[in-house]
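The model shown is predicted, which means the values in this text are computed figures rather than measured ones. Both counts, for ligands and for their atoms, begin at 1 and track the order of listing.
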Amino acid sequence: MTQLEAKYSNEKEYLQAVRGVLSTIEEVYDEHPEYEKACILEQLVEPDRIFIFKVPWTDDQGNIHVNTGYRVQFNNAIGPYKGGLRFHPSVSLSSLKFLGFEQIFKNALTSLPMGGAKGGADFSPKGRSNGEIMRFCQSFVLELWHNIGPDTDVPAGDIGVGSREIGYMYGMYKKLARENTGTFTGKGLSYGGSLIRPEATGFGALYFVSRMLRERGMDIKGKTVAISGFGNVAWGAALKATQLGAKVVTISGPDGYVYDPQGISGKKIDYMLELRTSGQDIVKPYVEKFPEAVFYPGKRPWEQKVDIALPCAIQNELDENDARNLIENNVLCVAEVSNMGCTEKAVDLFLENRMLFGPGKAVNAGGVAVSGLEMSQNAMHLSWSAEEVDEKLRYIMSAIHDQCLKYGKEEDGYINYVKGANIAGFIKVADAMMAQGVV
Ligand code: 2IT
């Protein structure tokens, strides 16, 4: 860790993600001297390769813009590189290395054969027209397509990349590669996409949270839930939480958060989609449409008293003060639906206080799991029903929970999900790397 901190001193998020894993696997690492002999950690923390490229595009006024595109192919010990693409101004090498690193363990937890990768661009889709988005996506793929393929590297969506962007990227990929084998997941249903993929991250997260609560003898029914964000992940989480009988009382955007004491359900959940497609990246219009709700400008939802807190927006969106607030308000469960949604200090507080805390790589693995199922369907040239996919998703989330129990249960009976998820993911990848030699 000290070596990495010296070498990559400006890559804060990457170092945070690595520290998070290394600090929890020490026991297992020490029990396996063969890992150390094979320098497994030194091999694991370096991406296999990173592509960095120029993405030039023309706006509707004819002005030319240049962004930076990336693909971090981190580790393919257990399967083809797999992970999303993020289009957001905060994208940097550090954020994509953190996301790619997390993806290795998350994908291992799904039990499907997928390695870890992540990519994206420092492009802001906010306020951009459809034509501008299309040209950007096409330019991005024109450079990247050589390095991806159905058995090489399969990108998907993430923040700023939804089914529209995947459609444009896949269209360009197909034109260049002259084949129709999948290669992206999150595709539209009519051209190889999987049912339940749009819902998968949120649904999977709620299946996982229900299991966590049950482990402590509680039921999600009747509980209040704070959600941050209002994108695809927040939408799926709100939908499933409501279906399971919980009451979602917040969503948020870069402009602040909305508190709706009557619960965000039914047409209010549909309205989240409208908010998103407006392209303005704000949630304030919610209170104009539903005046029973209150808008808190510039604030985050963690100041509200709720039973369950689900960060669904971006990394480090819940800090130490938020954690303290939630603990004082007797929150029952906090689960990261966003990747690394909580700061290191927030996580430490939850664990020190023996809280029910679920880390992103376990909680949000349902998204990439259904991506894996989309790859299976594409490879078999068939499509499964929504019920079949949902059933497999439930099974996968339940199996991830079992792995967390197996490796995370401490002497006093406390389930440390952070430790459990990290150890389970690490062992699988490390053993696969050991078996395949120094490559
Ligand atoms: O963070 C994630 O797991 C994703 N953005 C989904 C990745 C995928 O390949 O479906």
Novice: Less than 6.0 angstrom separating the ring centers of Tyr14 and Phe98, yes or no?
Specialist: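 Distance test on ring centres: not under 6.0 Å, no.
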Novice: Please check if the distance between the ring centroids of Tyr207 and His401 is under 6.0 Å.
Specialist: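 Not under 6.0 Å, so no.
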Novice: Relative to the heavy atoms of Ser371, which atoms of ligand 1 are at a distance of less than 4.0 Å?
Specialist: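 What qualifies from ligand 1 is 8 (C), 9 (O), 10 (O).
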Novice: Record the part of Glu374 in heavy-atom contact with ligand 1 below 4.0 Å; permitted values are side chain, backbone, both and neither.
Specialist: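 Under 4.0 Å from ligand 1, Glu374 contributes no heavy atoms.
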Novice: Decide whether Tyr81 and Asp48 meet the rule of one side-chain donor and one side-chain acceptor closer than 3.5 Å.
Specialist: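 Short answer, yes.
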Novice: Look at ligand 1 and say whether Glu102 reaches it with a heavy atom at a distance under 4.0 Å.
Specialist: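 False for this residue.
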Novice: Hey, does Gly157 sit under 4.0 Å from ligand 1 if you only count heavy atoms?
Specialist: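 Judged by the 4.0 Å heavy-atom criterion, Gly157 does count as contacting ligand 1.
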Novice: Counting heavy atoms only, which part of Val154 comes closer than 4.0 Å to ligand 1: side chain, backbone, both or neither?
Specialist: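 The answer is neither; Val154 stays 4.0 Å or more away.
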Novice: Does the residue Gln103 have a heavy-atom contact with ligand 1, meaning some pair of atoms that are separated by less than 4.0 Å?
Specialist: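 The answer is yes, since Gln103 has a heavy atom less than 4.0 Å from ligand 1.
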Novice: Looking at CG of Asn353 and CG of Leu326, how far apart are the two atoms once the value is rounded to the nearest 0.5 Å?
Specialist: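 It is 11.5 Å, given to the nearest 0.5 Å.
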Novice: Just which atoms of ligand 1 are under 4.0 Å from any heavy atom in Asn339?
Specialist: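 Counting atoms of ligand 1 from 1, those under 4.0 Å from Asn339 are 1 (O).
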Novice: Indicate whether the side chain of Gln73 and that of Asp153 have a donor and an acceptor atom separated by less than 3.5 Å.
Specialist: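 Present: a donor and an acceptor within the cut-off.
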Novice: Number the atoms of ligand 1 from 1 as they appear, then name those within less than 4.0 Å of a heavy atom of Lys118, with their elements.
Specialist: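 Counting from 1, the qualifying ligand atoms are 1 (O), 2 (C), 4 (C), 5 (N).
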Novice: Which residue supplies the protein heavy atom nearest to atom 5 (N) of ligand 1, what is that atom called, and how far is it?
Specialist: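 Atom 5 (N) of ligand 1 sits closest to the protein heavy atom Asp158 OD1, 2.9 Å.
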Novice: Could you tell me whether Asn364 and ligand 1 have an N or O pair separated by under 3.5 Å?
Specialist: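 Between Asn364 and ligand 1, no N or O pair is found under 3.5 Å apart.
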Novice: Show your working on side-chain hydrogen bond (donor to acceptor under 3.5 Å, both in side chains) between Ser338 and Glu317 and close with a plain yes or no.
Specialist: CA-CA 9 Å; Ser338 47; Glu317 56 171 313; 2.7 Å; yes
Novice: Report the C-alpha distance between Asp390 and Arg394 in whole Å, list the side-chain angles of each, state the deciding distance to 0.1 Å, and finish with yes or no for salt bridge (Lys or Arg N to Asp or Glu O under 4.0 Å).
Specialist: CA-CA 6 Å; Asp390 196 32; Arg394 273 173 205 269; 3.7 Å; yes
Novice: What protein heavy atom sits nearest atom 7 (C) of ligand 1, and how far off is it?
Specialist: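 Among all protein heavy atoms, the one nearest atom 7 (C) of ligand 1 is Gly84 N, 3.6 Å.
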Novice: Does a salt bridge link Arg19 with Glu5, judged by any charged N lying under 4.0 Å from a carboxylate O?
Specialist: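 Yes.
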Novice: Considering heavy atoms of the protein only, find what lies nearest to atom 9 (O) of ligand 1 and give residue, atom and distance to 0.1 Å.
Specialist: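 Result: Lys82 NZ, 2.7 Å.
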Novice: Within a reach of under 6.0 Å around OH of Tyr414, are more than 12 heavy atoms found that belong to other residues, nucleotides or ligands?
Specialist: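 For Tyr414, atom OH is crowded (more than 12 foreign heavy atoms under 6.0 Å).
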Novice: With heavy-atom distances below 4.0 Å as the criterion, list the atoms of ligand 1 near Lys106.
Specialist: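 Those of ligand 1 that fall under 4.0 Å from Lys106 are 1 (O), 2 (C), 3 (O).
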Novice: How close does the nearest protein non-hydrogen atom get to atom 6 (C) of ligand 1, and which residue and atom is it?
Specialist: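 Ranking protein heavy atoms by distance from atom 6 (C) of ligand 1, first comes Arg197 NH2, 3.6 Å.
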Novice: As an exercise, state the distance from CG of Asn232 to CE of Met272, rounded to the nearest 0.5 Å.
Specialist: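 If we round to the nearest 0.5 Å, Asn232:CG and Met272:CE are 9.5 Å apart.
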Novice: Any nitrogen or oxygen of Ala156 lying under 3.5 Å from a nitrogen or oxygen in ligand 1? Just yes or no.
Specialist: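 Ala156 vs ligand 1: no N/O contact under 3.5 Å.
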